[in-house]
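Just so you know, these numbers use all the heavy atoms, side chains as well, and skip hydrogens, waters and symmetry mates. On a predicted model such as this, the values are computed, not experimentally measured, just so you know.
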Amino acid sequence: MVARRGAASPFLLVLLAFIFFLGTYNLVTLVINKASSGGIGDLNEPIISRRELGRGGGPKYHVVLTATDATYSKWQCRVMYYWYKKMKDVPGSDMGGFTRVLHSGNADNLMEEIPTMVVDPLPQGLDRGYVVLNRPWAFVQWLEKATIEEEYILMAEPDHIFVNPLPNLAQGDHPAAFPFFYIKPSDNEKIVRKYYPEEKGPVTNIDPIGNSPVIIKKSIMEKIAPTWMNVSLQMKHDPETDKAFGWVLEMYGYAIASALHGVRHILRKDFMLQPPWDTEVGKKFILHYTYGCDYTMKGKLTYGEVGEWRFDKRSYLGGPPPRDIPLPPPGVPESVVRLVKAVNEASANIPGWDTL
């Protein structure tokens with residue numbers, strides 16, 4: 001049978017419909033299978049790791065933290081390094097070497113205690129009083145000078161305590177990062193577009209993260225770091241951006257710089273806990289004590305007000321905490337108790353703790 005010009009034959013229509021059905025069926029089947037196996041969306045935003053990690057045995061990573069030579073920074077670095085050494089060789093850990101990147105420009109009295117590389121601070125006045133801007137510049141210098149054995153690095157901070165052995169959470173070229181609830185690129189699209197133009201793609205390409213904690217290939221970080229530095233400086237020198245982002249400006253700088261290079265992160269909520277809001281340690285890996293912990297003697301949180309019992313790192317700007325800090329009263333969450341015990345254990349075992 002010959003079809004009339006301009007009209008398809010019934011046989012052809014049936015054939016096309018059958019082919020379309022098969023294609024649709026196969027696509028739906030693929031999506032269902034992917035969803036059930038946890039594979040769908042692995043390369044979409046954000047990347048969420050669904051496989052259980054925690055046994056170690058992955059590629060080693062080099063622990064890197066940036067620091068100043070202020071006493072406030074020093075005692076935190078000592079606590080952090082103590083717990084690194086304690087966790088490094090525990091089964092399940094993929095930790096390799098360790099470097100404190102000291103961006104004061106001069107050696108200090110911890111050089112023999114903690115492996116350290118001294119780098120230059122930003123030129124005077126460039127950070128506009130925002131000392132954290134030295135972090136990306138410190139990484140640029142360290143990456144140019146450092147020779148390390150590990151393929152990966154962990155970007156860490158002085159107020160991090162390892163509470164469980166930390167495996168390499170990265171997967172190949174996809175770094176792993178902790179998602180911060182207050183990093184919201186989509187809610188700040190007008191400002192973000194100053195640094196991440198529309199031709200780069202949707203704002204959702206920017207992960208809700210900072211630079212720490214992040215486990216990333218050193219080779220990838222070498223590409224991101226200069227962009228991170230330049231974007232952060234541009235942000236600080238733009239009054240609108242500076243006002244909007246405040247103390248998390250440099251975190252947005254890293255998130256945007258990563259997106260500019262097409263790097264997406266595996267988001268791991270188990271990467272870190274932050275007392276007093278996170279109350280249990282569980283299987284999380286890093287305890288970040290950035291928030292003050294204030295309680296009544298009945299164990300009630302009094303955040304925003306100085307409590308009858310408190311631990312706040314800012315109480316020790318001029319010197320280290322005393323040994324044997326009193327434990328919290330009954331009813332205070334496990335995470336806060338663990339924090340105080342960790343600081344007490346470190347201070348009890350670090351020589352010269354009181355004379356820093």
Side-chain angles (χ1 to χ4, degrees), residues 39-50 61 64 66 130 132-140 142-144 151-157 168-272:
I40 191 168
D42 283 348
L43 298 182
N44 292 331
E45 30 82 30
I47 299 171
I48 306 293
S49 174
R50 292 173 172 81
Y61 57 84
V64 189
T66 56
Y130 181 53
V132 186
L133 270 186
N134 285 280
R135 183 176 294 155
W137 173 223
F139 267 104
V140 169
W142 179 77
L143 289 163
E144 288 177 349
E151 183 181 9
Y152 291 82
I153 61 174
L154 163 65
M155 295 189 284
E157 296 182 22
N168 188 339
L169 302 176
Q171 296 179 21
D173 288 341
H174 293 298
F178 177 79
F180 290 90
F181 72 90
Y182 49 77
I183 302 297
K184 300 178 179 179
S186 296
D187 290 357
N188 295 279
E189 182 166 2
K190 177 185 173 183
I191 293 175
V192 166
R193 283 301 186 192
K194 293 183 178 184
Y195 315 96
Y196 190 76
E198 291 188 7
E199 57 265 27
K200 284 291 185 178
V203 174
T204 50
N205 286 347
I206 302 170
D207 294 326
I209 60 172
N211 78 289
S212 177
V214 168
I215 299 178
I216 186 171
K217 274 188 175 180
K218 179 175 177 282
S219 58
I220 296 175
M221 192 59 206
E222 287 172 338
K223 299 174 183 178
I224 294 174
T227 308
W228 173 29
M229 179 186 71
N230 290 329
V231 168
S232 298
L233 286 171
Q234 291 172 21
M235 287 180 165
K236 188 62 182 176
H237 287 258
D238 178 70
E240 183 183 23
T241 307
D242 189 24
K243 181 179 179 181
F245 292 161
W247 64 276
V248 299
L249 179 147
E250 165 267 342
M251 297 173 69
Y252 271 100
Y254 175 80
I256 291 172
S258 299
L260 288 169
H261 287 276
V263 176
R264 304 306 308 274
H265 295 71
I266 301 163
L267 304 184
R268 298 284 304 223
K269 290 185 177 180
D270 60 345
F271 208 152
M272 190 167 73

(message) Tell me whether Asp238 contacts the main-chain N or O of Gln234 through its side chain, where contact means a donor paired with an acceptor under 3.5 Å.
(response) no
(request) Could you tell me the separation between the NE2 atom of His261 and the NZ atom of Lys200, rounded to the nearest 0.5 Å? (result) 8.0 Å
(message) Between Glu151 and Lys217 (salt bridge meaning N to carboxylate O under 4.0 Å), is one present in this structure?
(response) yes
(request) Find the distance between CD1 (Ile266) and CZ (Phe178) and round it off to the nearest 0.5 Å. (result) 15.5 Å
(message) Contact between Ile224 and Asn211 at the side-chain level, heavy atoms closer than 4.5 Å - yes or no?
(response) no
(message) A side-chain contact here means heavy atoms from C-beta on lying under 4.5 Å apart; do Leu233 and Pro136 qualify?
(response) no
(request) Could you tell me whether the side chain of Ser212 and the main chain of Met155 form a donor-acceptor pair under 3.5 Å? (result) yes
(message) Can you tell me how far apart CD1 (Ile153) and OG (Ser219) are? Round to the nearest 0.5 Å.
(response) 9.5 Å
(message) Are more than 12 heavy atoms, taken from residues, nucleotides or ligands other than Lys269, located less than 6.0 Å from that residue's NZ atom?
(response) no
(request) Indicate whether the side chain of Tyr252 and that of Thr241 have a donor and an acceptor atom separated by less than 3.5 Å. (result) no
(request) Find the distance between NZ (Lys236) and CD (Glu250) and round it off to the nearest 0.5 Å. (result) 11.5 Å
(request) Mind listing the closest non-hydrogen atom pair of Ser232 and Gly253 along with its distance? (result) OG-CA, 3.7 Å
(message) Using every non-hydrogen atom in the two residues, find where Val203 and Ser186 come nearest and quote the distance to one decimal.
(response) CG1-N, 3.7 Å
(request) Taking the side chain as every heavy atom from C-beta outward, state whether Ile215 and Phe271 have any pair of such atoms under 4.5 Å apart. (result) yes
(message) One pair to check against side-chain contact (heavy atoms from CB on, under 4.5 Å): Ile256 and Val192. What are the steps and the verdict?
(response) CA-CA 8 Å; Ile256 291 172; Val192 166; 4.2 Å; yes
(request) Please examine the side chains of Thr66 and Asn134, heavy atoms only from C-beta on, and report whether any two atoms are closer than 4.5 Å. (result) no
(message) If I take atom CD from residue Glu198 and atom CZ from residue Arg193, how far apart are they, to the nearest 0.5 angstrom?
(response) 5.0 Å
(request) Might you point out which heavy atoms bring Ala177 and Val214 nearest each other, and give the distance in Å? (result) CB-CG2, 3.7 Å
(message) Please check: side-chain N/O of Asn188 versus main-chain N/O of Ile191, any donor-acceptor pairing under 3.5 Å?
(response) no
(request) Taking the side chain as every heavy atom from C-beta outward, state whether Leu154 and Pro213 have any pair of such atoms under 4.5 Å apart. (result) yes
(message) Contact between Trp228 and Met221 at the side-chain level, heavy atoms closer than 4.5 Å - yes or no?
(response) yes
(message) Is it the case that the side chains of Tyr130 and Asp242 hold a donor-acceptor pair, with the cut-off being a distance below 3.5 Å and no angle test?
(response) no
(request) Mind telling me whether Phe180 and Tyr182 have parallel, tilted or perpendicular rings, with 30° and 60° as the class edges? (result) tilted
(request) Would you give the length of the straight line joining atom CD1 of Ile216 to atom CG of Leu169, rounded to the nearest 0.5 angstrom? (result) 13.5 Å
(message) Would you say that more than 12 heavy atoms from the other residues, nucleotides or ligands in this model lie under 6.0 Å from the NZ of Lys218, or not?
(response) yes
(request) Please check if the distance between the ring centroids of His265 and Tyr254 is under 6.0 Å. (result) yes
(message) Working note: Leu260 + Tyr195, criterion side-chain contact (heavy atoms from CB on, under 4.5 Å); need CA distance, chi angles, decisive distance, verdict.
(response) CA-CA 9 Å; Leu260 288 169; Tyr195 315 96; 5.7 Å; no
